[in-house]
Amino acid sequence: MSDEMVWRRKDLLGIADLSAQEILMLLDTAESFVEVAERPIKKVPTLRGRTVINLFFENSTRTRSSFELAEKRLSADSLNFSGSSSALSKGESLIDTARNLEAMSPDLVVIRHQHPGVPHLLSKRLESGIINAGDGAHEHPTQALLDAFTIRRHKGRIEGLKVTIIGDIEHSRVVRSNIHLLTKLGAEVTVAGPRTMMPEAIDKMGVAVAYDLATALHDADVVMMLRVQLERHQKTLFPSTKEYFDLFGLTPRRLQMAKDDAIVMHPGPMNRGVEISSAVADGQRSVILDQVANGVAVRMAVLYLLMSSRSGGTEVRP
Ligand code: CP
């Protein structure tokens with residue numbers, strides 16, 4: 001097997017750092033883990049004896065459960081740490097907390113934190129491999145990987161597709177990771193939303209920008225809806241949820257502006273009646289629950305490849 005087929009990174013901090021070849025290696029490896037979920041006994045011995053700490057300082061339903069299941073299905077030992085019930089409330093610093101946990105010899109640390117750059121900081125201070133499970137409004141690399149995996153499974157490719165991402169672009173880590181990934185793999189990306197939630201110079205990331213749904217949805221192969229991230233807003237950015245839905249909510253009528261076979265995605269959590277109607281969220285074009293299911297296989301691939309680099313690089317299975 002050629003040298004290019006060996007994963008060499010200690011950490012997964014973001015999609016911005018990855019080459020197209022590394023992204024494809026992650027997606028291809030995830031394909032080989034899909035069938036584990038279809039077995040009566042959903043477990044393989046791949047990471048037996050390895051330890052993963054899940055360090056969550058922000059709430060999560062999908063990412064946290066998905067990492068936990070991925071670790072269990074790979075037979076790793078996992079320790080789940082919640083910031084809110086820890087000694088941080090007694091004044092211990094983040095770095096001291098992380099170094100104390102590392103003293104228990106984990107191999108990998110999965111971290112979600114409300115501040116951008118925390119996974120990068122831990123990567124410099126810890127020997128363990130670090131996986132970014134979402135850092136503020138910066139990146140959410142495993143979400144973008146599972147999104148790409150889902151698109152590829154439904155459309156057979158990423159290159160040449162028109163992907164439209166609609167919502168609170170300014171405050172979304174999902175959109176940033178998706179833009180990096182989708183443009184590296186040759187998709188044509190359009191972002192759309194209210195001007196008050198559109199970062200300046202977003203077009204410098206190689207995307208088209210639209211401020212109305214008719215322009216954004218025209219000819220789209222993939223429509224990705226984003227939640228309005230109220231918890232990250234410093235001030236009021238839109239008059240009411242009704243007005244937001246009237247202008248940017250995805251309804252069956254509006255979805256008709258996309259291609260007939262367009263798929264609808266959402267990273268969750270969804271706010272029905274704000275960015276998406278229930279008729280679309282639960283409709284035939286929705287692949288939202290496929291995204292969740294695929295998240296487990298994608299996270300198994302991330303854990304497997306990062307662990308393989310700790311063992312000096314393991315050849316990736318075809
Ligand atoms: N998509 C996502 O990150 O969801 P959670 O916040 O539930 O993990």
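Predicted, not measured: the structure shown is a model, and the values here were computed from it. Atom set for the values below is all heavy atoms of this structure, side chains included, hydrogens, waters and symmetry mates excluded. Just so you know, ligand 1 is whichever comes first in the structure, and atom 1 is the first atom listed for that ligand.
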Checklist entry - Hey, any chance Val292 and Val296 share a hydrophobic cluster, counting ILVMFWY side chains that come within less than 4.5 Å of each other, even indirectly? => result no

Name the closest protein heavy atom to [atom], giving the residue it belongs to and the distance to 0.1 Å.
atom: atom 4 (O) of ligand 1; result: Arg62 NE, 3.1 Å
atom: atom 6 (O) of ligand 1; result: Arg112 NH1, 2.9 Å
atom: atom 2 (C) of ligand 1; result: Thr63 OG1, 3.5 Å
atom: atom 1 (N) of ligand 1; result: Pro267 O, 2.8 Å

Next on the checklist: Do Arg195 and Tyr211 form a cation-pi contact, if we require the NZ or CZ to be under 6.0 Å from the six-membered ring centre and within 45 degrees of the ring's axis?
Outcome noted: yes

Heavy-atom contacts with [X] under 4.0 Å: which atoms of ligand 1 show up? List them by number with element.
X: Thr61; value: 5 (P), 7 (O), 8 (O)
X: Gln143; value: 1 (N), 2 (C)
X: Gly268; value: 1 (N), 2 (C), 4 (O)

Item to check | Option whose closest heavy atom lies nearest to atom 5 (P) of ligand 1, chosen from Ser60, Ala133, Gly295 | outcome: Ser60

Item to check | Within the 6.0 Å centroid threshold, strictly below: His120 and His138 | outcome: yes

Checklist entry - Is a donor on one side and an acceptor on the other found under 3.5 Å between the side chain of Ser128 and the backbone of Leu108? => result no

Next on the checklist: Name the residue from Ile166, Val223, Leu247 that meets the side chain to side chain contact (heavy atoms under 4.5 Å, CB included) definition with Leu213.
Outcome noted: Ile166

Next on the checklist: Is the ring pair Tyr304/Phe33 parallel, tilted or perpendicular, if the boundaries are 30 and 60 degrees?
Outcome noted: perpendicular

